[in-house]
Amino acid sequence: MRILLLCHAFNSLSQRVHAELRAAGHEVSVELDISDEVTSEAVALFKPDVLVAPFLKRKIPEAVFAEVPCLIVHPGPPGDRGPAALDWAVLEGEPEWGVSIIRATEELDGGPVLASRMFATRPARKSSLYRIEVTEGAVAALFEALARVERGEPGDPPPPGRWRDPVPPAARRIDWSTDKTATVLNKIRSADGFPGVIDEIAGREVRLFNAWTEPELTGEPGALLAHCHGAVCRATLDGAVWIGHLKESGERSFKRRATAVLGEAVADLPGRELDADPETGRGPIRYREFGAVGILDFDFYNGAMSTEDCRALLAAYEQATRRPTRVIVLAGGADFWSNGMDLNAIEAAASPPDESWDNIRAIDEVAEAVIRTTSHLTVSAIGGNAAAGGVFLALAADQVWARSGVVLNPHYKNMGNLYGSEYWTYLLPKRVGEGGIKAVMGHRLPMLAAEAEALGLIDRTGPNHRPDFDTFVLDQAARLAGDDFESRLAAKIERRERDEAERPLHDYRDAELERMRMNFYGFDPSYHVARFRLVRRSPHAWTPLYLAHHRARVGGK
Ligand code: COA
């Protein structure tokens, strides 16, 4: 089919849908939802068989849905209507939720239902449920819906349901003197990643993001108790929560580390050390062992790895290499394995070029430690999406395995044509050959694990369901730690020595960093402009041609 994707932004769900539809052999083009005229123009140019809207904030114009079947992905079960479906589900602690494919009609979210999927919820951020459960359900339901459209079926009338407006701020305002930890977390998670619960800390109005439970500390409800790795701990009625990120009021503000926003106001709080223990751990890094396999989880908010994050990860990794295990699995986080440098922290720095420089070198240190590991075999187990430097960091491991549904963006092009580092000039040709480099780096589109495996970028594609993938990783890692371990390790050490003799590792890094220095400090501002726009989630003024094939064909903008 010829499928036009219409989306507010080419977000993670839109990227997944795009990659899945292409992999299934459909002809896919994308138009960002900029205005009714632009949408109508896209339909006239592309002449789609069907329009799919994975992420839309406005109604589709009548002239369009009258002409082409338009399928809306709604993150709620059949009958549910309104723009804040998941917010309400998380806030109200729904044990089960759903995603529906609805045909666009005059009535917003009120058209015939073509397919749906239900899923069990979990105590997680709204954005995490969206990136995992909603996304999986949406993809499965969308293929069913497309088959029904192809058969000419109109869909089923929606069951009786209700329209719900956006969650009013008062419904999730935290009362620190009476709210228990579970309530506080529910409120914050229901608005995370957007728009954030409005609160006041140290006399300043802020929005709260990235909250988790503190295992031990307690105090006067509402009191700030400690800080740790940029997060602040605040007492609830029956315990305490950590708040990792805040956003100040104002159009131009963006999410930053809580301590960076609060500054002097929290400078005197006692500091707590990061701890990777799965029971008592406080930060985003956890280390677990299963026999000869050590698993290092690093769940950095939005997959963004700041200079401090990279240093903490390096320390945890080095500690893992001192354990009497044989295989270390770099497991990343639930939603993202890694998205490379922390662009928000860079944007907020006094000198973004200097902070970029520190951040890229700190990621390189992690990559180098993994590449130079001679005590263990290493595996990158990509269970969450990865982009830019995050993908190349994964290649530093001996083996790279990915969950079949992850979306990879293995290029730096969309970040103002950054040259990139993380030793990609050493790691990538070994995997894809000189000829494959262009296919990976020159291509701006997201890809699924299977495509990455076909290119040679990763070694194996694992099951899509996350618990199955985790079992697969543990099972395969245990095999690596098995009988052939000694010979595999010896072969790896020999390979590395040969490579080092041919061209020292530092030589690759120096050459990459020389190019990155130009990106950060040079005369072309593309990277700074792209970062400014991504961090502030700036609206798009047009659809880039690499997405809008219908415009490329007619030589559009
Ligand atoms: N630093 C800081 N924040 C980042 C980030 C990074 N490197 N990568 C992603 N994010 C944030 C996004 O800003 C967004 O934030 P929000 O919660 O405030 O909306 C969130 O992570 C991801 O949102 P999602 O809707 O799932 O995906 P997306 O539309 O942003 O697309 C990416 C996902 C990864 C393709 C896109 O965010 C991207 O290109 N990121 C930059 C990657 C990069 O260039 N890294 C630096 C070079 S090493």
Side-chain angles (χ1 to χ4, degrees), residues 7-19 30 32 54-55 125-132 134-135 191-196 207 209-210 244-247 253-257 300-307 309-310 332-349 352 355-357 359-364 366-367 384-394 406-424 444-447 512 516 519-520 526-540 544 547:
C7 31
H8 172 75
F10 197 48
N11 70 343
S12 54
L13 174 58
S14 311
Q15 293 185 21
R16 172 78 183 279
V17 164
H18 184 269
V30 180
L32 299 177
F55 170 46
R125 290 192 280 272
K126 169 183 74 162
S127 58
S128 184
L129 290 172
Y130 182 80
R131 289 182 188 124
I132 299 176
V134 170
T135 297
D192 194 350
F194 180 82
R207 288 173 189 261
F209 302 93
N210 187 21
H245 286 70
L246 300 175
K247 187 174 165 197
S253 68
F254 51 89
K255 295 173 189 173
R256 292 192 283 143
R257 304 283 160 141
F300 297 116
Y301 187 64
N302 281 340
M305 291 170 48
S306 69
T307 307
D309 293 331
C310 293
D335 298 3
F336 295 105
W337 194 86
S338 168
N339 282 328
M341 300 189 294
D342 185 343
L343 298 168
N344 287 38
I346 290 170
E347 187 66 20
E355 185 51 36
S356 305
W357 185 246
N359 202 159
I360 197 69
R361 284 183 306 155
I363 293 200
D364 283 353
V366 179
N385 296 348
V391 179
F392 296 103
L393 176 63
V406 297
V407 174
L408 303 174
N409 275 285
H411 53 78
Y412 301 90
K413 286 221 165 238
N414 292 343
M415 196 36 60
N417 273 319
L418 275 184
Y419 183 74
S421 191
E422 295 95 5
Y423 294 95
W424 75 264
R444 288 172 181 252
L445 293 175
M447 63 173 80
E512 288 169 5
M516 287 297 255
N519 291 138
F520 299 156
S526 303
Y527 156 66
H528 300 294
V529 172
R531 189 190 64 239
F532 179 96
R533 293 183 58 80
L534 180 118
V535 162
R536 293 179 175 77
R537 314 304 285 164
S538 305
H540 298 273
L547 294 176

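Just so you know, ligand 1 is whichever comes first in the structure, and atom 1 is the first atom listed for that ligand.
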Worksheet item: Considering only protein heavy atoms, which is closest to atom 13 (O) of ligand 1, and at what distance to one decimal place?
Response: R537 NH1, 2.8 Å
Worksheet entry | atom 38 (C) of ligand 1 touched by protein (heavy atom, under 4.0 Å) | yes
Worksheet item: Does F336 approach ligand 1 within less than 4.0 angstrom via side chain, backbone, both or neither, non-hydrogen atoms only?
Response: side chain
Worksheet item: Is M341 close to ligand 1, meaning an N/O of one under 3.5 Å from an N/O of the other?
Response: yes
Worksheet item: Sub-3.5 Å donor-acceptor pair from the side chain of N359 to the main-chain atoms of M341, do we have one?
Response: no
Worksheet entry | Backbone or side-chain N or O of L343 under 3.5 Å from ligand 1 N or O | yes
Worksheet item: Ignoring hydrogens and geometry, is there a side-chain-to-backbone donor-acceptor pair from N210 to H245 under 3.5 Å?
Response: no
Discussion item. Does the plane of the ring in H8 sit parallel, tilted or perpendicular to the ring in F55? Use 30° and 60° as the thresholds.
Written reply: perpendicular
Worksheet item: For atom 34 (C) of ligand 1, which candidate among N339, I346, V535 provides the closest heavy atom?
Response: N339
Discussion item. If the cut-off is 4.0 Å to any non-hydrogen atom of A387, which atoms of ligand 1 fall inside it?
Written reply: 34 (C)
Item to complete: Please report which non-hydrogen protein atom sits nearest to atom 3 (N) of ligand 1, along with the residue it belongs to and the distance in Å to one decimal place.
Response: N344 OD1, 3.6 Å
Worksheet item: Is the closest N or O pair between Y301 and ligand 1 shorter than 3.5 Å?
Response: no
Worksheet item: Tell me: protein heavy atom nearest atom 48 (S) of ligand 1, and distance?
Response: G389 N, 3.4 Å
Worksheet item: Is there a donor-acceptor pair closer than 3.5 Å between any side-chain N or O of D192 and the backbone N or O of K126?
Response: no
Item to complete: Would you mind checking which non-hydrogen protein atom is closest to atom 40 (N) of ligand 1, with the distance to 0.1 Å?
Response: L534 CD1, 3.8 Å
Worksheet entry | Identity and distance of the protein heavy atom lying nearest atom 43 (C) of ligand 1 | A388 CB, 3.5 Å
Worksheet item: Are F300 and W337 close enough that their ring centers fall under 6.0 Å?
Response: no
Practice prompt. Could you see which bit of N409 sits under 4.0 Å from ligand 1, with heavy atoms only: side chain, backbone, both or neither?
Written response: side chain
Worksheet item: Should the ring pair Y412 and F392 be called parallel, tilted or perpendicular, given that the plane angle runs from 0 to 90° and is split at 30 and 60?
Response: parallel
Practice prompt. Looking only at protein heavy atoms, identify the closest one to atom 16 (P) of ligand 1 and say how far it is in Å.
Written response: K255 NZ, 3.5 Å
Worksheet entry | Proximal ligand 1 atoms for S12, defined as those under 4.0 Å from one of its heavy atoms | 25 (O), 26 (O), 27 (O)
Item to complete: Give me the ring orientation class for F520 and Y527: parallel if the planes are under 30° apart, tilted from 30 to 60°, perpendicular past 60°.
Response: tilted
Practice prompt. Check whether the ring centres of H540 and F10 lie less than 6.0 Å apart, and answer yes or no.
Written response: no
Item to complete: Identify the protein heavy atom lying closest to atom 23 (O) of ligand 1, giving its residue, its atom name and the separation to 0.1 Å.
Response: R131 NH2, 3.3 Å
Item to complete: Can you sort out which atoms of ligand 1 are near N11, meaning under 4.0 Å from one of its heavy atoms?
Response: 25 (O), 29 (O)
Worksheet entry | Enumerated ligand 1 atoms positioned under 4.0 Å from heavy atoms of M415 | 44 (O)
Response to the item:
Rounded to the nearest 0.5 angstrom, the CG-CG distance for L393 and N339 is 11.5 Å
Worksheet item: Among protein heavy atoms, which sits nearest to atom 31 (O) of ligand 1, and what does the distance come to when rounded to 0.1 Å?
Response: Q15 NE2, 3.5 Å
